[in-house]
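Everything below concerns the one structure shown next.
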Amino acid sequence: NAGVTQTPKFQVLKTGQSMTLQCAQDMNHNSMYWYRQDPGMGLRLIYYSASEGTTDKGEVPNGYNVSRLNKREFSLRLESAAPSQTSVYFCASSELSGSGSDTQYFGPGTRLTVL
Amino acid sequence: AQSVTQPDIHITVSEGASLELRCNYSYGATPYLFWYVQSPGQGLQLLLKYFSGDTLVQGIKGFEAEFKRSQSSFNLRKPSVHWSDAAEYFCAVGPPGGFKTIFGAGTRLFVKA
């Protein structure tokens with residue numbers, strides 16, 4: 001049982017390049033999330049998917065797109081990377097839909113640098 | 001506005017000493033409250049959570065937290081810290097019926113021998 005997996009672990013991009021961060025969970029969870037973590041700011045929600053087939057904006061969605069490919073997979077795409085998107089990105093999942101009481105299970109993160 | 005404040009950016013304690021990490025929240029109603037821990041290079045792991053009932057909540061690794069409604073606080077405690085507790089700790093609030101969990105900025109714990 002791998003939990004939440006993310007690829008790649010590290011990535012360096014040049015300004016304007018695009019890339020997709022991949023996330024998969026094997027816990028049969030309904031909800032999935034993408035966060036970014038910046039020093040002194042904790043985690044900020046980029047997008048979430050309450051259930052398969054739905055996605056919604058979080059606190060900082062600008063510059064990102066997401067796809068909930070199926071129940072297991074939730075990808076995050078940067079269409080034209082900017083230095084301000086240099087961050088550590090975490091994917092998470094939770095079992096229930098629509099409950100703020102859910103425990104979230106996190107992947108190990110992707111460290112992205114945009115030059 | 002909804003917010004979570006962790007007043008201490010970092011704390012250093014000696015191994016075997018007690019620990020208290022502070023967390024204050026601002027929310028219209030009583031939210032769900034969480035403490036997560038992040039070891040270096042890892043994702044976050046849940047330590048404990050509070051929904052209702054007994055205001056003293058027990059978690060994993062010997063941690064506990066106390067919810068104080070009058071102070072809008074949810075402080076994390078441990079009676080005796082071990083070197084392996086060195087990590088970053090995040091307090092979070094989850095809105096009832098929603099998805100947008102709000103995380104505090106985190107408190108980094110250093111443990112000295």
Side-chain angles (χ1 to χ4, degrees), chain A residues 2-7 9-10 21 23 25 27 29-51 54-61 66 68 74 88-111, chain B residues 1-10 21-53 57 59-60 67 74 87-108:
Chain A
V4 179
T5 57
Q6 293 182 235
T7 56
K9 285 186 168 47
F10 301 93
L21 307 184
C23 173
Q25 52 92 7
M27 296 174 282
H29 285 171
N30 289 307
S31 303
M32 298 185 74
Y33 313 80
W34 276 105
Y35 292 92
R36 60 178 288 172
Q37 183 180 31
D38 302 293
M41 302 191 72
L43 276 74
R44 292 181 292 168
L45 183 64
I46 304 172
Y47 272 93
Y48 67 95
S49 171
S51 59
T54 70
T55 61
D56 282 289
K57 295 178 180 179
E59 182 184 355
V60 288
V66 290
R68 183 75 182 268
F74 188 39
V88 181
Y89 291 85
F90 287 100
C91 178
S93 69
S94 65
E95 183 177 5
L96 301 175
S97 294
S99 172
S101 65
D102 274 0
T103 296
Q104 295 187 33
Y105 295 83
F106 287 81
T110 295
R111 186 174 296 275
Chain B
Q2 302 159 13
S3 65
V4 178
T5 301
Q6 294 181 245
D8 303 303
I9 296 173
H10 54 79
L21 302 182
R22 296 182 290 162
C23 173
N24 293 96
Y25 67 90
S26 173
Y27 196 77
T30 300
Y32 301 116
L33 297 162
F34 304 81
W35 276 99
Y36 285 87
V37 60
Q38 183 182 29
S39 298
Q42 303 295 316
L44 279 69
Q45 178 187 18
L46 181 73
L47 279 176
L48 48 79
K49 58 185 178 182
Y50 172 79
F51 299 159
S52 63
V57 181
I60 63 171
F67 169 60
F74 188 55
E88 190 153 21
Y89 292 80
F90 292 92
C91 181
V93 299
F99 293 90
K100 296 181 180 180
T101 300
I102 300 170
F103 288 82
T107 298
R108 183 167 293 279

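Lettering of chains follows the sequences in order, A, B, ..., and the numbering in each one begins at 1. Remember, predicted model here, so these are calculated numbers, not experimental data.
The part of A/Leu45 that comes within reach of chain B is its side chain, from C-beta onward, which places non-hydrogen atoms under 4.5 angstrom from that chain. With a threshold of 4.5 angstrom between heavy atoms, A/Glu59 does not approach chain B through any atom at all. For A/Tyr35, the part sitting under 4.5 Å from any heavy atom of chain B is the side chain, from C-beta outward, and nothing else. With a 4.5 Å cut-off on non-hydrogen atoms, B/Lys49 touches chain A through its side chain but not through its backbone. For a residue to count as touching a neighbouring chain, one of its non-hydrogen atoms must lie under 4.5 Å from one of that chain's; by this rule B/Ile9 does not touch chain A.
Using cut-offs of 30° and 60° on the angle between ring planes, the pair B/Phe34 and B/Phe51 is perpendicular. Ring orientation note: the planes of B/Tyr36 and B/Phe103 are tilted relative to one another, at an angle of 30° to 60°.
In this structure, the side chain of A/Gln25 does not engage the main chain of A/Phe74 through any donor-acceptor pair within 3.5 Å. Judged by distance alone, the side chain of B/Glu88 and the main-chain N or O of B/Gln38 form no donor-acceptor pair under 3.5 Å. B/Gln6 places a side-chain N or O within donor-acceptor distance of the main-chain N or O of B/Gly106, the cut-off being under 3.5 Å.
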